[in-house]
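Beneath this line is the structure, given in structure tokens, with notes to follow.
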Amino acid sequence: MKITKTLMATTALTVAATGAFAEAHGNMADSMTLVSWGGAYQSSQQKAYVEPYVAANEGVSATWDESSAEAVAKLRAMNEAGNVTWDLVDVVASDAIRLCDEGLAMEIDHDEMLAAGDDGSDASDDFGDLIVSDCFIPQIVYSTTFGYRTDMVPEGVEAPSEICSVFDLETYPGKRALEKRPINNMEWALLCDGVAKEDVYDVLETEEGQDQALAKLDTIKDQVVWWNAGADTPQLLADGEVFMGSTYNGRLFSAIVEQDQPIGMMWDAQVFDLDGWIIPADLPEDRLARVMDFVKFATDTQRLADQSKYISYGPARLSSAPLVSTHAELGVEMAPHMPTDPANAENTFLYNYEFWADYRDDIDAKFQAWLAQ
């Protein structure tokens, strides 16, 4: 990405202003290993955060590891081996809670460590309720929702617009793509088996409720292609291998707007979630100093707004929202493509972070055993 002289000058001033921690804590490492999810999301982080930071810090480099989906297991293993090689890890909120509870992520003082909002608000007020853990540094609000092939909708049938279309193989025949984990799938299954939205997690915490969700998923199991990476469903849709599939809304935005694929978006019962950084516990001082300097820069008001120029995820800071504008390359207004846009958020499902932090391991085991049947 080309960086103008004006941007470089502004960035240099911002980075200089955030260097007090490093100066107070000695030398900073010259390299960082950042962990994220790959694809369009990681690319947005690279362009909005990493490239301007590296440009303003001569000799500093950043390497990506696309292992966020396995962050909990890998950090557990690294900690057990006494060799944590990651410096900064992008995780979903529920995983941040688990890592914090297990002592694998560092607790932080958000107001002391992070930049104040451009509107003068303290970081804790600017991020507000999105700080779901003492170890979590929010970045974006995103949703998991469904895309479908517009040219595969049966003749004379309206395009799918409701979540339970996923389970309606008679009206909408064809393969489905679902993530190979219980999260979201279990909630959607219960919703489409008659459970009221407000009762879903009360039902899901019981053995009977878990069995009910799996029984509903059984009705489409032989038509499901299971995915592990966020890029899988857009590719399956592009290749015409599935009619409908779940994935992150930013991935679908990329396929629809940037790649002009014949794909439609189904926002009904989209599941809101958060992504953000955690810092592994007990990093060496030089690596910690570098990471803290980078995080203060990468999560300020402007940087979070800048990320929304590359992907349709809402910035986690309130002060960033007014700065969301157009796509950096296409000139498309980004606000209507955000999961938080009123037209898209008429029927959202709010993900319960604490539930999955508590029940994830047990329900994962049950779900994987069901898959193997």
Does the R317 side chain pair with the main chain of P315, one donor and one acceptor, at a distance under 3.5 Å?
-> no
If Ile, Leu, Val, Met, Phe, Trp and Tyr residues are connected whenever their side-chain heavy atoms lie under 4.5 Å apart, and connections chain through other members, are V200 and F272 in the same group?
-> no
To the nearest 0.5 Å, how far apart are OG in S320 and CG in L318?
-> 8.5 Å
Single hit among L104, V91, I97 for side chain to side chain contact (heavy atoms under 4.5 Å, CB included) with I278 | V91
Are the side chain of D111 and the backbone of A123 linked by a donor-acceptor contact shorter than 3.5 Å?
-> yes
Are the side chain of N57 and the backbone N or O of V60 linked by a donor-acceptor pair below 3.5 Å?
-> no
Result block: side-chain N/O donor-acceptor pairs under 3.5 angstrom for residues 243-252, not counting sequence neighbours:
| unit_1 | atom_1 | unit_2 | atom_2 | d |
| --- | --- | --- | --- | --- |
| S246 | OG | W227 | NE1 | 3.2 |
| T247 | OG1 | G230 | O | 3.0 |
| N249 | OD1 | S143 | N | 3.1 |
| N249 | ND2 | S312 | O | 2.7 |
| N249 | ND2 | S312 | OG | 3.3 |
| R251 | NH2 | G38 | O | 3.3 |

Could you tell me how the ring of F294 sits relative to the ring of Y53: parallel (under 30°), tilted (30 to 60°) or perpendicular (over 60°)?
-> perpendicular
Evaluation steps, side-chain hydrogen bond (donor to acceptor under 3.5 Å, both in side chains), between W64 and Q46 | CA-CA 9 Å; W64 290 103; Q46 173 71 14; 2.7 Å; yes
Consider only side-chain N and O atoms of T326 and E333, and report whether a donor and an acceptor are under 3.5 Å apart.
-> no
Out of curiosity, D118 CG to S319 OG, how far, rounded to the nearest 0.5 Å?
-> 5.5 Å
Does F136 belong to the same Ile/Leu/Val/Met/Phe/Trp/Tyr cluster as F355, with side-chain heavy atoms less than 4.5 Å apart forming each link?
-> yes
I256 and G264: which non-hydrogen atoms are nearest, and at how many Å?
-> CD1-C, 4.2 Å
Same apolar cluster (I L V M F W Y, side chains within < 4.5 Å links), V332/L323 | no
Looking only at atom types and distance, does a side-chain atom of Y310 sit under 3.5 Å from a main-chain N or O of H327, one as donor and one as acceptor?
-> no
Given the rule that I, L, V, M, F, W and Y join up when any side-chain heavy atoms are under 4.5 Å apart, are L99 and L34 in one cluster?
-> yes
Scan side-chain atoms only and decide if T299 and Q139 contain a donor-acceptor pair under the 3.5 Å cut-off.
-> no
Hydrophobic cluster identity match, V92 and L350, side-chain contacts under 4.5 Å | no
Distance col, row Y353:OH vs S133:OG, nearest 0.5 angstrom, shows 12.5 Å
Closest approach of L204 and G209, non-hydrogen atoms and distance?
-> CD1-O, 4.4 Å
Within a reach of under 6.0 Å around CG of D151, are more than 12 heavy atoms found that belong to other residues, nucleotides or ligands?
-> yes
Applying disulfide (SG to SG under 2.5 Å), which residue pairs with at least one partner in residues 152-258 are found, sequence neighbours left out?
-> C164-C192
Would you say the side chains of D90 and Q45 form a donor-acceptor pair under 3.5 Å?
-> yes
Any donor-acceptor N/O pair, R176 side chain to V166 backbone, under 3.5 Å | yes
Would you name the heavy atoms of W267 and P339 that are closest together and state the gap between them?
-> CZ3-CA, 3.7 Å
SB check K47 E329 (cutoff 4.0 Å) | yes
Applying side chain to side chain donor-acceptor pair (under 3.5 Å), name anything that partners D358, two or more places apart in sequence or on another chain.
-> none
With distance as the sole test, does T348 use its side chain to make a donor-acceptor pair with the main-chain N or O of A345 at under 3.5 Å?
-> no
Residues P52 and F297: closest non-hydrogen pair is CB-CZ, 4.0 Å
Donor on one side chain, acceptor on other, S124 and D122, under 3.5 Å = no
Would you mind checking if D306 and K309 are paired as a salt bridge, meaning a charged N to carboxylate O distance below 4.0 Å?
-> yes
Stepwise side chain to side chain contact (heavy atoms under 4.5 Å, CB included) test for R360 and R181 = CA-CA 10 Å; R360 175 72 183 273; R181 65 174 191 168; 4.2 Å; yes
Would you find a donor on one side and an acceptor on the other, under 3.5 Å apart, between the side chain of H110 and the backbone of D125?
-> no
Supply the atom-to-atom distance T150 OG1 to Q261 CD, rounded to the nearest 0.5 angstrom.
-> 10.0 Å
Indicate whether any N or O donor in one side chain lies under 3.5 Å from an N or O acceptor in the other, for D364 and Q368.
-> no
Is the backbone N or O of E179 less than 3.5 Å from a side-chain atom of N185, with the two atoms forming a donor-acceptor pair by type?
-> yes
Spatial distance of atom CG (D362) from atom CD (E207) [nearest 0.5 Å] = 8.5 Å
Main-chain N/O of P182 paired to K366 side chain as donor or acceptor, under 3.5 Å = no
Can a donor-acceptor pair be found between the side chains of D95 and W356 at a distance below 3.5 Å?
-> no
Please report the C-alpha distance between W37 and Y142 in whole Å, then the side-chain angles of each, then the deciding distance to 0.1 Å, and finally whether the ring pair (Phe, Tyr, Trp, His ring centres under 6.0 Å) criterion is met.
-> CA-CA 13 Å; W37 303 85; Y142 73 97; 8.0 Å; no
Please determine if K216 forms a cation-pi arrangement with F167, meaning its NZ or CZ atom is less than 6.0 Å from the six-membered ring centre and no more than 45° off the ring axis.
-> yes
Parallel, tilted or perpendicular: which fits the ring planes of F367 and W370, with parallel below 30° and perpendicular above 60°?
-> tilted
Below 6.0 angstrom between ring centroids: does that apply to Y201 and F349?
-> yes
Closest non-hydrogen atom pair, R149 against V242 | CG-O, 3.8 Å
Exercise: do S165 and D168 side chains pair donor with acceptor under 3.5 Å | no
Say whether D268 and N347, considering side chains only, have a donor N or O and an acceptor N or O under 3.5 Å apart.
-> yes
Nearest-0.5 Å distance, CG of residue L75 to CD of residue E102 | 9.5 Å
Could you walk me through whether K74 and N79 pass the side chain to side chain contact (heavy atoms under 4.5 Å, CB included) test, one step at a time?
-> CA-CA 8 Å; K74 289 199 170 186; N79 184 263; over 6 Å; no
Is a salt bridge present between R98 and D361, judged by a nitrogen-to-oxygen distance below 4.0 Å?
-> yes
Stepwise side chain to side chain contact (heavy atoms under 4.5 Å, CB included) check, V271 with E187 | CA-CA 9 Å; V271 181; E187 289 96 324; 5.7 Å; no
Judged by atom type as modelled, is there a donor-acceptor pair below 3.5 Å linking the side chain of D87 to the main-chain atoms of T33?
-> yes
Go through the steps for L169 and I220 under the test side chain to side chain contact (heavy atoms under 4.5 Å, CB included), then give the verdict.
-> CA-CA 8 Å; L169 294 173; I220 61 170; 3.8 Å; yes
Would you name the heavy atoms of K221 and L371 that are closest together and state the gap between them?
-> NZ-O, 3.8 Å
Just do the ring pair (Phe, Tyr, Trp, His ring centres under 6.0 Å) check on F146 and Y172 with the steps written out, would you?
-> CA-CA 14 Å; F146 280 84; Y172 301 104; over 10 Å; no
